[in-house]
Amino acid sequence: MSNNYCVIMAGGIGSRFWPLSTTRKPKQFLDILGIGRTLIQQTFDRFNKIIPAENIYIVTNELYKDIILEQLPELKDDQVLLEPAMRNTAPCIAYATYKIMSKNPAANFVVAPSDHLILKEDAFLATIKKGLDFTENSNNLMTLGIKPSRPETGYGYIQINEADNAESGVISKVKTFTEKPNLELANIFFESGEFLWNSGIFIWKGDTIKEAFQSFELEIDTTFSKGTPLYYTEKEADFVSEVYPSCKNISIDYGIMEKAKNVHVMAADVGWSDIGTWGSLHEHLERDGDGNGLTHANTLMYDAQDNIVNVQEGKVAVIQGLEGYIVVDTENALLICKKEEEQRIKQFVNDIKLGHGEDFV
């Protein structure tokens, strides 16, 4: 039996990708890149090359159970862990950890989001294998740090010790975690060579993360420890429904990683993007001669440059005279928004909820 496991976090709503991403079908379940596989299917395919399918678990909102089992038929019901409420990444990771360890106390984990893009897959898998070997043989928590290619304000940063270097594959002790910086600070981070982007991908042995929960988030530890006799039984769902809504809403970064002293980071150059916004997607779409990223070929562009256009299959779109816009057409919504103003999409979604109800979001 392999002791290596993968936990894929798939509970987010992805509102920055509205109107394509909605509460009923968030972006992780969409083929955003137009390649025939959804983001969660790509994530599963990637990890399944080094971890057996029976050791891959998905944590998601209970709304999405059916769509996950439809998109990932390789999984059994008990590999899909259902959250009755959104409580950020620390409870989500604790639930998966304590459930899996009730079956295999020697479990060694990689924990990853469901909606990231990895362009250099071989390099990524080699990095994950190296990380799993490292955590298997040491009591350290590890995160994957991405070597920055630019001063980016949209990511958190990890500072390493000055004596270490940020070359791919090097494992360093973490000095500090820093939240998303302004542009001036991002430039300083980038030029210093001491900072990596925080990928949100983690590797650790089950015992090590359990000890961290006991030290820094005892309430979460106590909650999920109580479920040990119930996991993989018909009583699991009732137990989770009872305890989950009262869990603290906290990320694994704030709850554990920023407090623990045994945190290491491995630098990685793997063609990573969290595809968090339409703008970040634009970099990865095939573009025409005028820089327009089109997800379907049935779009005619006239005097138009640097746009992102996503229209439903079966429709023809004609775009004339636009420059630097996001145009997304779905069955019941149309978004036309300046790329530089895309951070306002979350506000648009909130306004729609207030003015028109949940049906459109």
Please give me the minimum heavy-atom distance between I100 and A107, naming the atom from each residue. CG2-CB, 4.0 Å
Partners meeting side-chain hydrogen bond (donor to acceptor under 3.5 Å, both in side chains) with D290 (sequence neighbours left out): none
Donor-acceptor pair, distance only, cut-off 3.5 Å: does the side chain of E136 make one with the backbone of D133? no
Pairs satisfying ring pair (Phe, Tyr, Trp, His ring centres under 6.0 Å), at least one member in residues 105-154, at least two apart: F47-F124, H116-W272, F134-H264
If you define the side chain from C-beta out and look only at heavy atoms, does anything of V59 sit under 4.5 Å from V7? yes
For S2 versus N104, what's the shortest heavy-atom pair and its separation? O-ND2, 3.9 Å
Where is the tightest heavy-atom contact between A10 and Y64, given as atom of each residue plus distance? O-CD1, 4.3 Å
Tell me the closest heavy-atom pair linking T43 and P113, and the distance in Å. CG2-O, 3.7 Å
Are M257 and F177 close enough that some pair of their side-chain heavy atoms sits under 4.5 Å apart? yes
Kindly indicate whether a cation-pi arrangement holds for K99 with Y57, taking the cut-offs as under 6.0 Å to the six-membered ring centre and within 45° of the axis. no
Assess whether salt bridge (Lys or Arg N to Asp or Glu O under 4.0 Å) is satisfied between K259 and E217, documenting all intermediate values. CA-CA 10 Å; K259 299 172 185 173; E217 291 296 339; 3.5 Å; yes
K65/D77 ion pair, N-O < 4.0 Å: yes
Could you tell me which residues satisfy side chain to side chain contact (heavy atoms under 4.5 Å, CB included) with A237, sequence neighbours excluded, listed by chain and number? none
Do K103 and Y231 form a cation-pi contact, if we require the NZ or CZ to be under 6.0 Å from the six-membered ring centre and within 45 degrees of the ring's axis? no
Residues M142, V263; criterion side chain to side chain contact (heavy atoms under 4.5 Å, CB included); working and verdict: CA-CA 6 Å; M142 173 175 279; V263 180; over 6 Å; no
V110 side chain reached by F202 side chain, heavy atoms, under 4.5 Å: no
Only counting residues at least two apart or in another chain, list the ones meeting ring pair (Phe, Tyr, Trp, His ring centres under 6.0 Å) with F348. none
Which atoms form the tightest heavy-atom contact between L81 and A96, and what is the distance? CD2-CA, 3.5 Å
Is there a path from L39 to I35 through hydrophobic residues (I, L, V, M, F, W, Y) whose side chains come within less than 4.5 Å of each other? yes
Is Y254 atom OH crowded by more than 12 heavy atoms from other residues, nucleotides or ligands, each under 6.0 Å away? no
Can you tell which of V111, D221, L141 makes a side chain to side chain contact (heavy atoms under 4.5 Å, CB included) with I209? L141
Could you tell me whether K339 atom NZ has more than 12 heavy atoms of other residues or ligands within 6.0 Å of it? yes
Are the side chain of D288 and the backbone N or O of N292 linked by a donor-acceptor pair below 3.5 Å? yes
Roughly how far, to the nearest 0.5 Å, is CD1 of I146 from CG of L196? 8.0 Å
So CD of Q71 and OG1 of T38: to nearest 0.5 Å the spacing works out to 3.5 Å
Please tell me if the side chains of L230 and K235 come closer than 4.5 Å, counting only heavy atoms from C-beta onward. yes
Between N307 (side chain) and G324 (backbone), is there a donor-acceptor pair under 3.5 Å? yes
Are more than 12 heavy atoms, taken from residues, nucleotides or ligands other than Q347, located less than 6.0 Å from that residue's CD atom? yes
With no hydrogens and no angle check, is any side-chain donor or acceptor of D351 less than 3.5 Å from a backbone partner on L354? no
For V361, does its backbone N or O pair with a side-chain atom of T23 as donor and acceptor, under 3.5 Å? yes
Salt bridge check, E342 against R16: does any charged N sit closer than 4.0 Å to a carboxylate O? no
State plainly whether the residues E121 and R46 are in salt-bridge range, i.e. N to O under 4.0 Å. yes
Tell me, do L75 and I68 make a side-chain contact under 4.5 Å, heavy atoms counted? yes
Within the structure provided, determine whether V328 and W278 are in side-chain contact (heavy-atom separation under 4.5 Å). yes
Just verifying a value: how many Å separate I158 CD1 and M266 CE, rounded to the nearest 0.5 Å? 12.0 Å
Among all residues two or more places apart in sequence or in another chain, which pass the side-chain hydrogen bond (donor to acceptor under 3.5 Å, both in side chains) test with N88? none
Looking at every non-hydrogen atom in both residues, tell me the closest pair between S102 and Y232 and how far apart they are. OG-CE1, 3.5 Å
Should L185 and L183 be marked as a side chain to side chain contact (heavy atoms under 4.5 Å, CB included) after you check the CA-CA gap, both sets of side-chain angles, and the distance that decides it? CA-CA 5 Å; L185 205 51; L183 186 57; over 6 Å; no
Between T208 and W204 (side chain of the first, backbone of the second, donor and acceptor by atom type, cut-off under 3.5 Å), is there such a pair? no
Using modelled atom types and a 3.5 Å cut-off, is there a donor and acceptor pairing between side-chain atoms of H282 and backbone atoms of G291? yes
Sidechain-backbone polar pair: E179 side chain, G156 backbone, donor-acceptor under 3.5 Å: no
Atom pair CH2/OG1 of W18 and T330 - distance to nearest 0.5 Å: 7.0 Å
Ring pair (Phe, Tyr, Trp, His ring centres under 6.0 Å) involving F44 - partner list, sequence neighbours excluded: none
Quick one, V270 and L119 - any side-chain contact, counting heavy atoms below 4.5 Å? no
With a sphere of 6.0 Å drawn around CG of D122, does it hold more than 12 non-hydrogen atoms of other residues, nucleotides or ligands? no
Given the options Y155, W197, Y157, F189 meets ring-ring contact (aromatic ring centres under 6.0 Å, His included) only with Y157
Using only heavy-atom distances, determine whether the side chains of N55 and N4 contain a donor-acceptor pair under 3.5 Å. no
Taking atom CD of E219 as the centre, report whether more than 12 heavy atoms of other residues, nucleotides or ligands fall under 6.0 Å from it. no
Under-4.0 Å salt bridge between D269 and K147: no
Please round to the nearest 0.5 Å and tell me the distance separating atom CD of Q28 and atom OG of S21. 6.5 Å
Fit a plane to each ring of F224 and Y98, take the angle between them on a 0 to 90° scale, and name the class: parallel (under 30°), tilted (30 to 60°) or perpendicular (over 60°). tilted
Side chains of C247 and Y95: does their closest heavy-atom pair fall under 4.5 Å? no
Is it true that K315 and D329 make a salt bridge, defined as a side-chain N closer than 4.0 Å to a carboxylate O? yes
To the nearest 0.5 angstrom, please state how far the NZ atom of K248 sits from the CD1 atom of I220. 6.0 Å
For the side chain of T228 and the backbone of S225, is there at least one donor-acceptor N/O pair under 3.5 Å apart? yes
For Y244 and E62, which I'm curious about, is there any donor-acceptor pair between the side chains at under 3.5 Å? no
For the pair S114 (side chain) and I40 (backbone), establish whether a donor and an acceptor sit closer than 3.5 Å, ignoring hydrogens and angles. no
Does L334 belong to the same Ile/Leu/Val/Met/Phe/Trp/Tyr cluster as M301, with side-chain heavy atoms less than 4.5 Å apart forming each link? yes
